[in-house]
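As a basis for the values below, the full set of heavy atoms in this structure was taken, side chains included, without hydrogen atoms, waters or symmetry mates.
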Amino acid sequence: MKNSPLAKVIQGLLMLVSIVLLTSFSSGKRTKLNIIFIGDSITEGSALPQPSLEAPSIVIKQTLTSKKQFTSVNVANLGFSGHTSFDFLPTTNKDFPKVLEAANALNKDTSATLLFSIMLGTNDSAISGPNGSPISPEQYDQNLSKIIDVLSTQFPKAKFVIQYPLWYSTNTQNNASYLEEGLNRLKNYLPKIDNLVKKYNQLTPKRVFAGDKSGFDFFEKNHITLYKPEQGKKGTFYLHPNAEGSKELAKIWIKGILKAI
C-alpha cells in the first residue's frame with residue numbers, strides 16, 4: 001500500500017494541503033497602527049506614579065506590539081488634565097492644534113492605519129470648574145461630532161473609537177465639583193455615544209466605532225482596588241485609576257481598537 005499509486009496520490013495531496021495552509025498563515029495581513037489618544041487626566045495618566053510608563057496609551061502600545069498582527073504600533077498621548085470636549089473643539093483652538101500636529105506627524109507613514117481613540121466626558125459632567133462645564137448631553141454629542149467631523153475631513157482614511165467615560169464616586173470634589181449631579185449627567189452621555197456611532201455608521205460605515213461599554217460598571221464594582229483614593233472637600237473620593245486600574249482600562253480600550261481595525 002505504501003508504494004501503491006493511490007498512496008502516492010494521497011501523500012501528494014497531503015503535502016499540497018500543508019503548503020496551502022502554511023502559505024495562508026504566513027501571508028496573513030499585518031498592520032502598521034498609529035493611535036492618537038484624546039482625553040483628560042485619565043488618558044494622560046497624571047494621577048499615576050509614572051505616567052510615561054503606566055498611562056493606558058503606553059500599556060496599549062506594549063500589548064499591541066506583542067501581537068503578531070502588527071508590524072509596528074505608535075501612539076501619541078493627547079490627554080490633558082481637567083480638559084473637556086469644549087477644549088478640544090476646532091473652534092476653541094486650544095487642544096485641537098496639538099491633535100493635528102500629532103496626527104500629521106504619525107500620518108507621514110501613509111501605509112499605516114491612523115486611529116483616534118477618544119475618551120471625554122468626566123470633566124464635561126462636572127457641576128463647576130472645568131472649561132465649559134457643565135456640558136449637557138446634547139452639547140456633549142455636538143462637541144464630539146464637531147471634533148470627529150473635522151478630523152475625518154483632514155484624515156479621510158482615519159478611524160475613530162469613542163471610548164465610554166468611567167464611573168466616579170458621588171462625593172468627588174477637588175478644585176472642581178462633580179458629585180451625584182455630575183455622575184448622573186455623565187450617565188446620560190453613554191446613550192449619546194451609542195446614537196453618535198449609529199449616525200456615523202449610516203453616513204460613513206466602518207469609520208466610527210464604540211468602545212467597550214463594560215468599563216463604567218467594572219470600575220464602579222472594583223474602585224477600591226483599581227482607583228487611587230484622593231482627599232477632597234467631601235472626604236475620600238475615587239476618580240482616577242491607579243497603575244493596576246490603568247492596565248485594566250487599557251484592556252477595555254483595546255477591545256474597541258481591535259474592533260475598528
Legend entry - Tyr227 to Pro241 - nearest heavy-atom pair and separation: CD1-CA, 3.8 Å
Legend entry - Atom NZ of Lys199 with >12 non-hydrogen neighbours under 6.0 angstrom: yes
Inset, instruction - Mind checking the CG-CG spacing from Leu239 to Leu166? Nearest 0.5 Å is all I need. - result: 9.0 Å
Inset, instruction - Count the heavy atoms belonging to other residues, nucleotides or ligands that lie under 6.0 Å from CG of Asn195, then report whether that count exceeds 12. - result: yes
Legend entry - Donor-acceptor pair, side chain of Tyr200 and main chain of Ser145, under 3.5 angstrom: yes
Inset, instruction - Decide whether Ile36 and Val73 are clustered together by the hydrophobic rule: side chain heavy atoms of Ile, Leu, Val, Met, Phe, Trp, Tyr closer than 4.5 Å, transitively. - result: yes
Inset, instruction - Find the distance between CD1 (Ile162) and CD1 (Ile193) and round it off to the nearest 0.5 Å. - result: 6.0 Å
Legend entry - From Ile261 atom CD1 to Leu114 atom CG, the distance as rounded to the nearest 0.5 Å: 12.0 Å
Inset, instruction - Ignoring hydrogens and angles, tell me if any N or O in the side chain of Thr65 forms a donor-acceptor pair with the backbone of Lys61 under 3.5 Å. - result: yes
Inset, instruction - Check the pair Ile148, Ile118 against side-chain contact (heavy atoms from CB on, under 4.5 Å), reporting the backbone distance first and the verdict last. - result: CA-CA 9 Å; Ile148 292 171; Ile118 304 170; 4.0 Å; yes
Legend entry - Any donor-acceptor N/O pair, Asn188 side chain to Pro137 backbone, under 3.5 Å: no
Inset, instruction - Could you tell me whether the side chain of Val208 reaches within less than 4.5 Å of the side chain of Leu196, counting heavy atoms only? - result: no
Inset, instruction - Find the distance between NE2 (His83) and OG1 (Thr43) and round it off to the nearest 0.5 Å. - result: 12.0 Å
Inset, instruction - For side-chain contact (heavy atoms from CB on, under 4.5 Å), just list the numbers for Phe37 and Ile60, CA-CA rounded to whole Å, side-chain angles, deciding distance to a tenth of an Å, and then say yes or no. - result: CA-CA 11 Å; Phe37 290 91; Ile60 288 171; 3.7 Å; yes
Inset, instruction - Look at the side chain of Thr170 and the backbone N and O of Glu180, then say whether any donor-acceptor pair between them is shorter than 3.5 Å. - result: no
Inset, instruction - Could you tell me whether a side-chain N or O of Ser177 sits under 3.5 Å from a main-chain N or O of Gln173, the two making a donor and an acceptor? - result: no
Legend entry - Axial cation check for Phe80 ring with Lys94, 6.0 Å and 45° limits: no
Legend entry - Leu48-Ile58 co-clustered via ILVMFWY side chain contacts under 4.5 Å: no
Inset, instruction - Can you see which heavy atom on Gly129 is nearest to which on Ala176, and at what distance? - result: CA-CB, 4.1 Å
Inset, instruction - List the atom of Thr71, the atom of Lys32, and the distance in Å for their closest heavy-atom pair. - result: OG1-CG, 3.0 Å
Legend entry - CG on Leu120 to CG on Asp40, rounded to 0.5 Å: 6.5 Å
Inset, instruction - Determine whether Asn123 and Ser133 make a side-chain contact, defined as any pair of heavy atoms from C-beta on separated by less than 4.5 Å. - result: no
Legend entry - Exercise: identify the closest heavy-atom pair between Ala158 and Phe116: CB-CE1, 3.8 Å
Inset, instruction - Could you go through the side-chain contact (heavy atoms from CB on, under 4.5 Å) check for Phe155 and Asn104 one step at a time? - result: CA-CA 9 Å; Phe155 305 98; Asn104 281 321; 3.4 Å; yes
Legend entry - Donor-acceptor under 3.5 Å (Arg207 side chain, Lys159 main chain): no
Legend entry - N/O donor-acceptor pair under 3.5 Å between Thr31 side chain and Leu33 backbone: no
Inset, instruction - Compare every heavy atom of Pro205 with every heavy atom of Asn201, then report the nearest pair and how far apart it is. - result: O-CG, 3.3 Å
Legend entry - Expected output: side-chain Glu54 to main-chain Gln50 donor-acceptor under 3.5 Å: yes
Inset, instruction - Heavy atoms only: give me the nearest Ser246-Ala55 pair and the separation to one decimal. - result: OG-C, 3.5 Å
Inset, instruction - Show the numbers, then the answer: is there a side-chain contact (heavy atoms from CB on, under 4.5 Å) between Leu106 and Val75? - result: CA-CA 8 Å; Leu106 289 181; Val75 302; over 6 Å; no
Legend entry - Donor-acceptor pair, side chain of Asp124 and main chain of Ser85, under 3.5 angstrom: yes
Legend entry - Under the side chain to side chain donor-acceptor pair (under 3.5 Å) test, residues paired with Glu181 that sit two or more places apart: Arg185
For residues 247-260, which side-chain N or O atoms pair as donor and acceptor with protein atoms under 3.5 Å away, sequence neighbours left out?
| from | atom 1 | to | atom 2 | distance (Å) |
| --- | --- | --- | --- | --- |
| Lys247 | NZ | Glu244 | OE2 | 3.2 |
| Glu248 | OE2 | Lys251 | NZ | 3.3 |
| Lys259 | NZ | Ala210 | O | 2.9 |

Legend entry - CD1 on Ile35 to CG on Asn74, rounded to 0.5 Å: 9.0 Å
Legend entry - Remaining members of the apolar cluster that contains Ile127, side-chain heavy atoms under 4.5 Å: Leu179
Legend entry - Side-chain heavy-atom pair Leu151, Phe96 within 4.5 angstrom cut-off: yes
Legend entry - Pair Ser125-Tyr168, side-chain donor/acceptor within less than 3.5 Å: yes
Legend entry - Contacts of type ring-ring contact (aromatic ring centres under 6.0 Å, His included), residue Tyr189, not counting sequence neighbours: Tyr140
Quick one: side chains of residues 214-224, donor-acceptor pairs under 3.5 Å with protein atoms, not counting sequence neighbours, listed by atom name and distance.
| from | atom 1 | to | atom 2 | distance (Å) |
| --- | --- | --- | --- | --- |
| Ser214 | OG | Asp212 | OD2 | 2.3 |
| Asn222 | ND2 | Phe218 | O | 2.8 |
| His223 | ND1 | Glu220 | O | 2.7 |

Name every donor-acceptor pair, under 3.5 Å, that has one atom in a side chain of residues 228-237 and the other anywhere in the protein, sequence neighbours excluded.
| from | atom 1 | to | atom 2 | distance (Å) |
| --- | --- | --- | --- | --- |
| Glu230 | OE2 | His240 | ND1 | 2.7 |
| Gln231 | NE2 | Thr236 | OG1 | 2.7 |

Legend entry - Backbone of Thr225 reached by a side-chain donor or acceptor of Asn242 within 3.5 Å: yes
